[in-house]
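What follows is a short report on a single structure.
Throughout, protein chains are lettered first and strands after them, A, B, ... in sequence-line order, and every chain is numbered starting at 1.
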Number of protein chains: 2
Amino acid sequence: MTTPRERRYRIREQQIIDHARRIAEAEGWSAVSTRRLAQEIDHSQPVIYQHFRNREHVVAAVVRQGFAELTELIREHAQQADAPLESLCWSYLNFSWQNPALYEAMFTRPTALEFAAENTPAELRDSFEALVEVIGNEAGMKTYDDAAALTEFFWAACHGLASLHLAGRIPARQDQVARLCGMIRIYSSE
Amino acid sequence: MTTPRERRYRIREQQIIDHARRIAEAEGWSAVSTRRLAQEIDHSQPVIYQHFRNREHVVAAVVRQGFAELTELIREHAQQADAPLESLCWSYLNFSWQNPALYEAMFTRPTALEFAAENTPAELRDSFEALVEVIGNEAGMKTYDDAAALTEFFWAACHGLASLHLAGRIPARQDQVARLCGMIRIYSSE
DNA sequence: ATAATGATCTATCACTGATAGATTTTCTGT
DNA sequence: ACAGAAAATCTATCAGTGATAGATCATTAT
């Protein structure tokens, strides 16, 4: 049971999130101001604070949506691929290249969201669990802890490549993906 | 031949850089404002612009100094260690833990500095070259390109661990260092 | 229809980076 | 040592930021 008022409220909240993401990708996160967001939804600035405690919470909402999409991507490519590790790595890097501002908010910008804690949003946990599932299967890990540890490593390596590339620190080199997956395969077969 | 005026100018410039770094480590980069910096050196705000084109160039100056220190660290630990890879990795991670704000500016924050380009400052090139030297020797790479490619990978993996840990995305796990170095050793002996 | 509730606006605060123009200090040539 | 030129520094200001208080308007329930 939702009232028209509640429906309008939720629609507008999603609009704010969508505009924040679009502006961030087009002009960077510094262009995402409360006044700009208010202008996009054709309201006054303080209305933003009816939906979000502060500016950081707007970013956090975009981040949660980003993790939900990343989880879907991981699950999709994990099932149908004959080379799950490579497929996973490429999906991850493609995600970072196609949504650089979103990726930046998810993984490098300071955030109000907590990770690996009690109050970690479900979207964030799900992404990690989806990763653990694929890595655990592919590398033949026995215990969950082993799979989780290897997943953290795999994630860190992928993130390192994505992050340094996005920040302009290293050029895009395709052979690094093969190197990473090859290493993990050799390592886990020992 | 330097005039007293030039000496004073350079001393003050270094003071600005030092204060920027100290404030960033203590209160985060958002606390590093031009007015705050001016206050620290007991001048008015526009004086900062006598030394730096804008705020970003202050950060860039701190970053260059950071890379110079990182290069020293790499060179030190590379010579005297009996396990250069592990030592290098730990040095790198320690550097990121002891100077989180500096590391953030060097590797994740958007910056005016260009990497791997013609106008890349010498401090940045030197860090990479120092890394290539150690990795190339340790992994027994024949060509410089091979060593450079493996160095990029090693760097990305270390950075991934450092970055995700600093951003609160993964807990600090000591076994990841051993995993990374073990993988590279196995991989390069094939 | 009226009273209560919630939503929205205007106006404001303290802060930011950056610049123009006036003023003061420092240096230079005599 | 002193006048004039040059450089450095200051005050004042601009446009923009996040955030909030209080007045006003719209919606809802009785």
Side-chain angles (χ1 to χ4, degrees), chain A residues 1-17 19-63 101 104-105 109-113, chain B residues 1-17 19-63 101 104-105 109-113:
Chain A
M1 179 58 197
T2 61
T3 67
R5 177 179 272 180
E6 287 174 335
R7 280 195 293 276
R8 280 197 297 270
Y9 183 86
R10 283 175 194 167
I11 287 173
R12 199 170 57 188
E13 185 156 308
Q14 190 57 49
Q15 284 179 338
I16 296 174
I17 297 173
H19 279 122
R21 177 170 173 177
R22 183 181 53 76
I23 296 170
E25 294 295 351
E27 305 167 44
W29 282 107
S30 65
V32 180
S33 69
T34 54
R35 282 175 180 80
R36 174 73 180 275
L37 289 174
Q39 175 189 327
E40 298 281 343
I41 61 168
D42 208 49
H43 281 76
S44 73
Q45 182 224 2
V47 166
I48 303 299
Y49 294 85
Q50 290 284 329
H51 294 266
F52 303 96
R53 189 188 316 246
N54 55 37
R55 184 185 178 278
E56 269 313 298
H57 279 68
V58 181
V59 181
V62 176
V63 165
E104 184 193 346
R109 290 177 62 86
T111 177
L113 291 175
Chain B
M1 179 57 196
T2 61
T3 66
R5 175 181 274 181
E6 287 173 335
R7 279 197 294 277
R8 280 197 298 271
Y9 183 86
R10 284 177 192 166
I11 286 174
R12 199 171 57 188
E13 186 156 306
Q14 189 57 48
Q15 284 178 338
I16 296 174
I17 295 173
H19 278 122
R21 177 170 174 176
R22 182 182 53 76
I23 296 171
E25 293 296 351
E27 305 167 45
W29 282 106
S30 65
V32 180
S33 68
T34 54
R35 281 176 181 80
R36 175 73 181 276
L37 290 173
Q39 175 189 326
E40 298 282 343
I41 60 168
D42 209 49
H43 281 76
S44 71
Q45 182 224 2
V47 165
I48 304 299
Y49 293 86
Q50 291 283 330
H51 295 266
F52 302 96
R53 189 189 315 246
N54 55 36
R55 184 185 177 278
E56 268 315 297
H57 280 68
V58 180
V59 181
V62 176
V63 165
E104 183 194 345
R109 289 177 64 87
T111 176
L113 291 175

Rounded to whole Å, the CD-P distance (A:Glu27 to D:dT17) equals 11 Å
Rounded to whole Å, CG of A:Leu37 lies from C1' of C:dT8 at a distance of 17 Å
Atom CZ of A:Arg7 and atom P of C:dG6 are separated, to the nearest Å, by 19 Å
Atom CD1 of B:Ile16 and atom P of D:dT9 are separated, to the nearest Å, by 10 Å
Taken to the nearest 0.5 Å, the spacing of A:Ile16 CD1 from A:Leu37 CG works out to 7.0 Å
Heavy-atom contacts, protein to nucleotides 19-30 of chain D, under 4.0 Å, summarised as B (base), S (sugar-phosphate only) or - (none) per nt, yield BB------S---
When rounded to whole Å, the CD to P distance for the pair B:Glu13 and D:dA8 reads 12 Å
Rounded to whole Å, the NE2-C1' distance (A:His43 to C:dG6) equals 14 Å
Between A:Ala105 and A:Val59 the two heavy atoms that sit nearest each other are CB-CG1, 4.0 Å
In whole angstroms, the gap separating C1' of C:dT8 from CD1 of A:Ile48 amounts to 12 Å
Quiz item: Using a cut-off of 4.0 Å on non-hydrogen atoms, how would the nucleic acid contact of B:Val58 be classed: base, sugar-phosphate, or nothing?
Solution: nothing
**Asked** Closer than 4.0 Å, any side-chain N/O of B:Ser44 to the OP1 or OP2 of D:dT9?
**Response** no
Problem - Sugar-phosphate only, base, or nothing, as touched by B:Arg12 at under 4.0 Å among non-hydrogen atoms - result: sugar-phosphate
Value for CZ (A:Arg55) from OH (A:Tyr49), rounded to nearest 0.5 Å, stands at 9.5 Å
**Study point:** pair B:Glu40-B:Arg22: side-chain heavy atoms closer than 4.5 Å
**Key:** yes
For B:Glu27, the side-chain contact (heavy atoms from CB on, under 4.5 Å) test, sequence neighbours excluded, returns B:Ile23, B:Ala31, B:Arg36
Do A:Ile41 and A:Ile48 make a side-chain contact, defined as non-hydrogen atoms from C-beta onward lying under 4.5 Å apart? yes
Is it the case that more than 12 heavy atoms not belonging to A:Arg53 sit under 6.0 Å from its CZ atom? no
Rounded to whole Å, the CD-P distance (B:Glu6 to C:dC27) equals 11 Å
